[in-house]
Amino acid sequence: MTPRRSEASTLVGLDIGGTKTHAMCWRQGSVVAEATAGSANIQNVSLDAAKAGIAEVFDHLDAGAIDRVVAGAGGIDTEQDAQRLRAMIGVHAPNARIQVVHDSRLILAAGGAETGMAVILGTGSAVWGINPAGAEARAGGWGYLLGDESSGYWMGREAVRSTLRAFNREEPVGELGRLVLEANKVSSPDELIGLFHGATDRRYWAQQSPLVFAAHALGDPHAGKIIDAAVAYVLEALGDVSKVLGILGPVVIGGGLGTNVRLYQQRLKTALSAAGFQDIRFLEVDPVHGALFLAGKTDS
């Protein structure tokens, strides 16, 4: 479904994720420029790095006078969070109307839905929803220290934990452990401990989430348990949001894991359908396209 157009003459959309910042510029509803940079999410990078990421995408867009900016980012939990991001953006778009939302709202909008529930399954995870009365609710999205279950980082971490658990029990590490050891270029599972607590970051471990699905395809039962737990968490989080809002759909699923891993999609759709959730959609465009939808909604 194509998000409807905004009437703003020059609109910039920003999708500020855990690993990158994706920007797009529309003029009279048509895309004229696109840019990417490192993450500008201050939950993941320093304030200076965030400012540099914002500056980089605006420099590449070279949009000229900007009328509107719609920015979605993780960690937008309070008005203070939103204002801090507006200030960083305002340096590059001083005369623009700047709207800041949680990045899960971009997911729903990019799916062409005004109401419903959005699921982010990328480096991190979150569920957010809005009902026809305008009430909002969320589950998760607290960052990796408090949650991010079912995300890429969580799966990478669980793969390491599973390998270490087998090692401590003096059991074979299985296909999952073998893949984890190979990917990290270590010969013994106990070497993973120092590596995990060392210079590696969330993105490093999130990029190892495909190992879980590869091991599952090879019949590793430990990988299967991780996938089962991930699906169960999404089901629980959606259930929490659904209960608060009194809605069952649509459900728009985005993020790298949510849109690129077919097995994960199949498992999620089967579980959510069985639980009564309706109109389950997997995002087919980049979340930044949700900015065009949200701008059009607030302009109307």
Side-chain angles (χ1 to χ4, degrees), residues 1 3 15-18 41 43 70-83 85 99-155 227-255 257-259 264-265 267-283 287 290-291 293-294 296-298 300:
M1 186 178 296
D15 175 26
I16 303 172
N41 187 324
Q43 282 193 344
V70 177
I76 301 301
D77 302 316
T78 67
E79 178 54 33
Q80 184 179 12
D81 296 330
Q83 185 54 44
L85 182 53
Q99 180 182 4
V100 173
V101 299
H102 194 274
D103 54 355
S104 49
R105 189 164 189 175
L106 278 185
I107 296 282
L108 189 64
E114 292 191 22
T115 63
M117 293 172 284
V119 181
I120 293 179
L121 297 171
T123 301
S125 67
V127 176
W128 174 86
I130 183 169
N131 67 15
E136 300 180 22
R138 64 181 280 187
W142 307 324
Y144 74 101
L145 290 177
L146 291 174
D148 274 354
E149 294 91 343
S150 307
S151 69
Y153 168 80
W154 178 87
M155 282 199 176
I227 296 169
D228 289 344
V231 172
Y233 174 77
V234 174
L235 189 62
E236 179 183 26
L238 273 170
D240 290 346
V241 173
S242 174
K243 183 177 180 180
V244 171
L245 298 179
I247 58 177
L248 290 169
V251 177
V252 181
I253 300 174
L257 277 178
T259 58
Y264 205 12
Q265 291 181 335
R267 292 287 304 276
L268 287 168
K269 187 167 186 177
T270 297
L272 298 184
S273 297
F277 290 100
Q278 302 166 359
D279 193 5
I280 300 163
R281 313 174 188 177
F282 294 93
L283 203 59
F293 184 94
L294 290 175
K297 182 180 177 184
T298 53
S300 59

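Residue numbers start at 1 and run along the sequence shown.
Annotation: side-chain hydrogen bond (donor to acceptor under 3.5 Å, both in side chains) contacts of Glu236 (sequence neighbours excluded): none. When the side chain to side chain contact (heavy atoms under 4.5 Å, CB included) test is applied to Asp279, the partners found at least two apart in sequence or on another chain are Pro250, Arg281. Among residues two or more places apart in sequence or in another chain, the side-chain hydrogen bond (donor to acceptor under 3.5 Å, both in side chains) test is passed with Asp228 by Arg267. Shown here are the side chain to side chain contact (heavy atoms under 4.5 Å, CB included) partners of Gln278, two or more places apart in sequence or in another chain: Leu248. Taking the ring-ring contact (aromatic ring centres under 6.0 Å, His included) definition, one finds that Tyr233 meets it with nothing, sequence neighbours left out. Applying the side chain to side chain contact (heavy atoms under 4.5 Å, CB included) rule to Gln80 yields the partners Thr78; only residues at least two apart in sequence or on another chain are considered. With sequence neighbours left out, the side-chain hydrogen bond (donor to acceptor under 3.5 Å, both in side chains) criterion links Asp148 to Arg202. Contacts of Ser150 classified as side-chain hydrogen bond (donor to acceptor under 3.5 Å, both in side chains), with partners at least two apart in sequence or in another chain: none. With sequence neighbours left out, the side chain to side chain contact (heavy atoms under 4.5 Å, CB included) criterion links Ser273 to Lys269, Ile280.
Rounded to the nearest 0.5 Å, atoms CG (Asp103) and CG (Leu108) are 12.5 Å apart. For the atom pair Ile247 CD1 and Met117 CE, the distance stands at 4.5 Å (nearest 0.5 Å). The CE atom of Met155 sits 8.0 Å away from atom CG of Leu121, with the distance rounded to the nearest 0.5 Å. With rounding to the nearest 0.5 angstrom, the OG1 atom of Thr259 is 10.5 Å from the CD1 atom of Ile253. Considering CG of Leu106 and CZ of Phe293, their distance stands at 11.5 Å, rounded to 0.5 Å.
Between Ala271 and Leu235 the shortest heavy-atom distance is O-CD1, 4.0 Å. Scanning both residues, Asp15 and Pro287, for their nearest heavy atoms gives OD2-CB, 3.6 Å. Across all their heavy atoms, Ser104 and Ala118 have their closest contact at O-CB, 3.1 Å. Here the shortest heavy-atom pairing between Tyr264 and Ala230 reads OH-CB, 3.3 Å. Nearest heavy-atom pair, Ala229 versus Trp154, reported as atom, atom and distance to 0.1 Å: CB-CH2, 3.9 Å. Closest of all the heavy-atom pairs between Val252 and Gly111 is CG1-CA, 4.1 Å.
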Can I get a per-line list of side-chain donor-acceptor pairs under 3.5 Å for residues 123-137, giving both atom names and the distance, sequence neighbours left out?
| unit_1 | atom_1 | unit_2 | atom_2 | d |
| --- | --- | --- | --- | --- |
| Ser125 | OG | Glu149 | O | 2.7 |
| Trp128 | NE1 | Glu136 | OE1 | 3.3 |
| Asn131 | OD1 | Ala133 | N | 3.0 |
| Asn131 | OD1 | Gly134 | N | 3.1 |
| Asn131 | OD1 | Ala135 | N | 2.9 |
| Asn131 | ND2 | Leu245 | O | 3.1 |

Worked check of side chain to side chain contact (heavy atoms under 4.5 Å, CB included) between Ile107 and Val119: CA-CA 8 Å; Ile107 296 282; Val119 181; over 6 Å; no
